[in-house]
Amino acid sequence: LFQFHAIDIFFHFSEVKWNFVAKAEKQLSLAIGDTVHIQESCEGEGFWDIAFTFAFIACLFFHQSSKKERFSQVQRLMWDLMEWRSQLLSGTLPSDEFKELKQKVTSKIDYGNKILELDVVVRDTDGNILDPERASVISLFRAHEDATAKITERIKEEQSNVQLDHSGVSARIQSSPTHSLYVFVRNFVCRIGEDSELFMSLYDPNKQTNISENYLVRWGDKGLPKDIEMLNSLKVVFTVSHLQISLVCLGYLWKVIAENDFLHTLLNKVTTSRGDCGGQGLWVTMKALVGDIVQIRKEYPHLVDRSTVVARKLGFPEIIMPGDIRNDIYLTLHSGDFDKYNKTTQKNVEVIMLVCDEEGKNSICLGAGDRPVNEYRSVIYYQIKQPRWMETFKVRSKLISSFTHSQTDMDILHVFCVFLQGDSKRMEAVSSYLSLPSERTHSDSHKGSTLMRSSSSVCGLSVSSRDIFTISTLVCSTKLTQNVGLLGLLKWRTRPEMLKQNLQELKLIDGEEVVKFLQDTLDALFNIMMEHSQTDDYDILVFDALIYIIGLIADRKFQHFNTVLEAYIKQHFSATLAYKKLMSVLKTYLDVSSRGEACEPILRTLKALEYIFKFIYLLYVMMSSPDCRDILLPMMLRELSGALAVVGEGLQDEKRNSVELLNNILEVLSRNDVVRASQRADFLMETFLLFKDLIGKHVYPSDWVTMIMVQNRVFLQAINTYAETMNHKFLDNNNFEVQLWNNYFHLAVAFITQESLQLQHFSPTKRSKILAKYGDMRRLIGFAIRDMWYKLGKNKICFIPGMVGPILEMTLIPEEELRRATIPIFFDMMQCEENHSGHFRKFENEIILKLDHEVEGGGGDERYMELLQSILLECAQGRPQLLTEVQHFVTLVTGLLERLLDYRSVMSEDSRNNRMSCTVNLLNFYKDINREGMYIRYLYKLRDLHLDGENYTEAAYTLLLHSKLLKWSEEQCTLQLDYQTLQSQRQLKETLYNTIISYFDKGKMWEEAITLCKELADQCEMEVFDYELLGQKLNQQAKFYENIMKILRPKPDYFAVGYYGSGFPQFLRNKVFIHRGKEYERREDFQSQLMSQFTSAVRLNITTMPGDDIKNSNMQYVQCFTVQPVLEIPPRLRNKPVPDQIINFYKSNYVQRFQYSRPVRRGKVDPDNEFASMWIERTTFITAYKLPGILRWFETTVSPLENAIETMGQTNEKILTMINQYQCDDTLPINPLSMLLNGIVDPAVMGGFAKYEKAFFTDEYMNEHPDDRDKLTRLKDLIAWQIPLLGRGISLHGKRVTDDLRPFHERMEECFKQLKKKVEKEYGVRELPDMDERRSTRPRSMLRSVRQSICSLAGSESFIYKVPQYYQQFSHCSIANYPPPSPTPPLSVRIQPSDSPLNQTNSKMCAYNY
């Protein structure tokens, strides 16, 4: 029957957020934290189990306070749907009611979709889901418009309705008969040729009077409503109490037809006539509806919505429901009698009515549905002495009437005075009228004074004794009464001394007046009882008054107010403590009666006993639930706020115009006209720009998914059609249009990357439905882009580097086949630029720039990085001459992607430290590859992070890196992130220095600030000769010197922090960092703050290096302990009497070496002298940079020589491992082996180990590092061992290489021969045994020994030397197969694994002290 899309979303949440108790067979009992797995969901058309769905809604929405209002909306929606569902399934409804109810159901479902922010479902006239395959684009668009309009109106209606709880609905339905007349104005035809005002009201021909407010329609002279937006929306509901009525419409038209007939005479003629209208008249649709306005809005939502105007009855309805508040005053121009004075003919009189307050502000409501106006002008009667208008309108404030020549101006009639104005000008100062007498009876005493013209007192006005003006007024208020007795009771707090009298006199008040104010009267009685709870003075009087009211309602005359009383008891009654007093008085009366004594009220009490017990029972229930008000009050406030909220707006005209324009374009495209090539190119270019603009501007709302997908399908078909035209007409060099092809590619990329096609963001159900109906359009257009690119031929160079960014954006879409199809375009671009320019630097620069932007914006992932690397390298295998450059490019881009993905992953975290680390990794990367613009961009990002954490010293060092890129020159520098005005490098550098100095000052790093001040002072004195600025800098410098000597600077502590386990990101995993603490920061505080960043991490309470089990674990382990900085005194301060204030600064600043010492027991323990067996193990850490710096921490590092040894060992290990793999498996692809071997033997790759020779194997290095002699020997040995490994690998490669790679292999062999000759000459010959353990006859121990010699980075021994002082300083270090120093007996040797702490944390250093 219908599809409930609103619930689709809930089947994709797995964790329960709120408890839910099952109350039916198909419900689930759920507790917080439970995981719900939905194995199957309903597809297609059919009813869903609403109760089961409601369980999920309760779990998912109610737990959040921000969603409670939405939960209430959905709850009410579910109740309605369940009720209607049972009616539909009952099979008892007639076909017309079944269809009507189905419309209500679908309307409610669409409303639920909207409030849950789901997609719009378009339907046909029967409420079934519209199939886009069977509907035209325009009709589909219109259906979306209609659906959105209906939903918007539904939302307005829901907000305006008075919300009732489920138990109160029956009270409304069972109320006494109240009717409403629904009128829809279709058309109005009258040949008068000018604007008209149509006043529609209900007229009682028996009483010859109007019984409702006017409904005003302003009709234009063109035959349409003046407000054209009201066309087809002129709807009004008249509330009436019976149906013996007539609908009359009055306007300026009747003045022409009737000439001098008065209104009541005309109405009598109209109601009795049955003549032909002659083609003129008013066309309306009418329907009688049962119920009051709240009921009909609920029962007839398709007719009565928020936009429907309500014209109320003149006077009270038959019943006044609680909450029906009304304060209306209606004024009717009745008649007048105007003397002609000295004129020969009667005047044409027009009445101008103003409603004013003391300040002269005007407000008049001419009719329902019309905005307030400042004045009302009556009908003009032609030369009539006694005109009778009978025109009614609603007023506020005090009334003023004025009469002018050639103009024409009920319960209670008022005969007004008429004042003559001697001046012909109309008086504009309305405040001057207010002091004049109004009715004639009040003016008698003023006759003598007002007949004279006195501008000072009455503005030149005088009373006319011969003119009479009569009006009638009707006051209709449920809050204001003029009955003195009832008013005294309602306002009893103002005169409490009259309370007893007012209660006694209530019985004397007319019953009709009491029932009008039933709710207020009942509220007043119970408030009296509640506020006098400590005394029983008024209990009997209040009880008797209550009995009187109940008896009054029991009377046949007022029996229809029974429903009002029922509704009051159930919905509005809240006097929780009154039940005790009611029971007390009732018991008193019963006791008196049981004793046989006279009790006059007992009979009335027994008649009212039903309602008395209802009051008592409800009060008792409310008392048993003391928090009922806490529940009801917020609910009522929510309902009120919902009713007042303004939601949703109509569709914009631009959307309709865009669709119509698109339709016209498609019609033009279908023509077969023959056009010239230039015209065709211009047309295609304009069309591409238009399509791209439509895609980018989001023509349709985001929830119009069906329309959006149909639009995309049309775009796709059109783009593919245009592509064929371009291939046939604009591909050859003579007709090639660069701009046309450029527009095509940008349009195609904009299409493929639009948000509405990114299926990965949709729910699984929505994604599967889109794929089933439309397919993945991204793949289709992506393959088309690839094919069009390869057809360009030599013209590809025209789109490099311009198309690099768009193609990159397309390849980043997370769709595997699309990525595999489009990534090869990058290699084609590289190849194209290489053939054209001899390099592909433009391509490389562009992709690095765009990659940074796209990844930071959310594109790319690790899988993309893997595909990019493997596909490009695979493509490069067919081009050996490009292989090296492609390998370099892949290494570059892979490194950038790793850092960008790390950076993106931590930017959403709370850990500022991680964000800083990733930012530094990126800026260092851009510095290494000489991308200055990107480098500076990330410098300022790092600066901002430091300022957020008040790390002013680190922020200063960060900006200092930018300043070092600038020179003291007048050259113009490019626009920078924080400096958007052009300036010279000198100006920018000076500005940066001043900022940096202020940061150093805040960080108490005055030594650095002094250095910069000196440089600025030198520039002022020697270059720009600005002596005034020079004086300022010298004064600033002097202040810093004074601060150094006088201000205390606490020394910060330093902490070694190790991050172990694969649970950490790559930039932290199994690494050790030295952190600089803040002032007065203890290790416990630092460690606590550190652990708060990694809530799932385990703290290690050891200071030694953890084992492999921890390093390789999937968990996170954090190690933290205090280290001591090693003082490095600057050369200028050595051997000089330096004050402590100066030397203390260097004890904790400008430090790069840190030590950690711990006692170790060795040998026999002497109980009398513990120092005899105490050894000190001291570990030295060396950071990559001195602290403080651009970070508050730096990673510990190894020396360049140790790094070279480690790299050579890893390379040999990698070659050996791959040789074994290829010997064991003949099916492995040859590409990885080719890349590895070629990357080593080709000297163009990273310079091979030739750079090691230039860096370390020189006399200069040997003289500067005499202690590294053994390490140099180890490095030479590793280089020598690499030759037989390469020989074995190349031999294996020659057996497996294919014919197409044979030239590549031969070139590699030639390079290897040259390399082998050189290495064997300088470092000796090494022979490699058979390393295949399966075929080798050598012992395995020998094979392991050889393997260790080839690959081991060091012997991994850590030595503890016992010296006479029983104290030894040394560090864990890598020893390259050389023996320990000798002779140094006695010797204790402790064997450490190869992954000793400083091996893994890159903090190895050797120190031997004897």
Quiz item: His532 versus Asp537: any side-chain heavy-atom pair under 4.5 Å?
Solution: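 When only atoms from C-beta onward are counted, Asp537 and His532 do not touch, as no gap falls below 4.5 Å.
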Self-check item: Side chain proximity check, Met78 to Val74, heavy atoms < 4.5 angstrom
Solution: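 SC-SC contact between Met78 and Val74 confirmed.
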Practice problem: For residues Val310 and Ala368, report the shortest heavy-atom separation together with the two atoms involved. | Solution: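 Taking every non-hydrogen atom into account, O-CB, 3.6 Å.
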Quiz item: Which atom names give the shortest non-hydrogen contact between Leu525 and Ala545, and what distance separates them?
Solution: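 Nearest pair, atom of Leu525 first, then Ala545: CD2-CB, 3.8 Å.
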Quiz item: How would you list, by chain and number, every residue that makes a salt bridge (Lys or Arg N to Asp or Glu O under 4.0 Å) with Asp544, sequence neighbours excluded?
Solution: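 With neighbours one apart ignored, the set is empty.
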As an exercise, state the distance from [atom1] of [X] to [atom2] of [Y], rounded to the nearest 0.5 Å.
X      : Y      : atom1 : atom2 : value
Leu333 : Ser472 : CG    : OG    : 8.5 Å
Ile549 : Ile509 : CD1   : CD1   : 9.0 Å
Asp80  : Arg85  : CG    : CZ    : 14.5 Å
Met529 : Tyr538 : CE    : OH    : 13.0 Å
Asp539 : Thr588 : CG    : OG1   : 9.0 Å
Tyr203 : Ile211 : OH    : CD1   : 11.0 Å

Do the side chain of [X] and the main chain of [Y] share a donor and acceptor less than 3.5 angstrom apart?
X      : Y      : result
Thr308 : Lys235 : no
Ser212 : Leu202 : yes
Asn214 : Thr392 : yes

Quiz item: Listed by chain and number, what are the side chain to side chain donor-acceptor pair (under 3.5 Å) partners of Glu531, not counting sequence neighbours?
Solution: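 Listed in chain order: Arg493.
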Exercise. Not counting sequence neighbours, which residues clear side chain to side chain donor-acceptor pair (under 3.5 Å) with Asp536? List them please.
Key: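 Residues passing side chain to side chain donor-acceptor pair (under 3.5 Å) with Asp536: none at all.
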Exercise. Measure up the Phe393 and Tyr376 rings against each other and bin them: parallel (under 30°), tilted (30 to 60°), perpendicular (over 60°).
Key: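 Answer is tilted, since the angle falls between 30° and 60°.
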Self-check item: Positive for side chain to side chain contact (heavy atoms under 4.5 Å, CB included) with Leu541, one of Leu503, Ile528, Leu499
Solution: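 When Leu503, Ile528, Leu499 are each tested with Leu541, the side chain to side chain contact (heavy atoms under 4.5 Å, CB included) holds only for Leu503.
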Quiz prompt | Result of checking Lys313, Lys394, Arg312 against Glu213 for salt bridge (Lys or Arg N to Asp or Glu O under 4.0 Å) | solution =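 Going through the options one by one, the only one that passes is Lys394.
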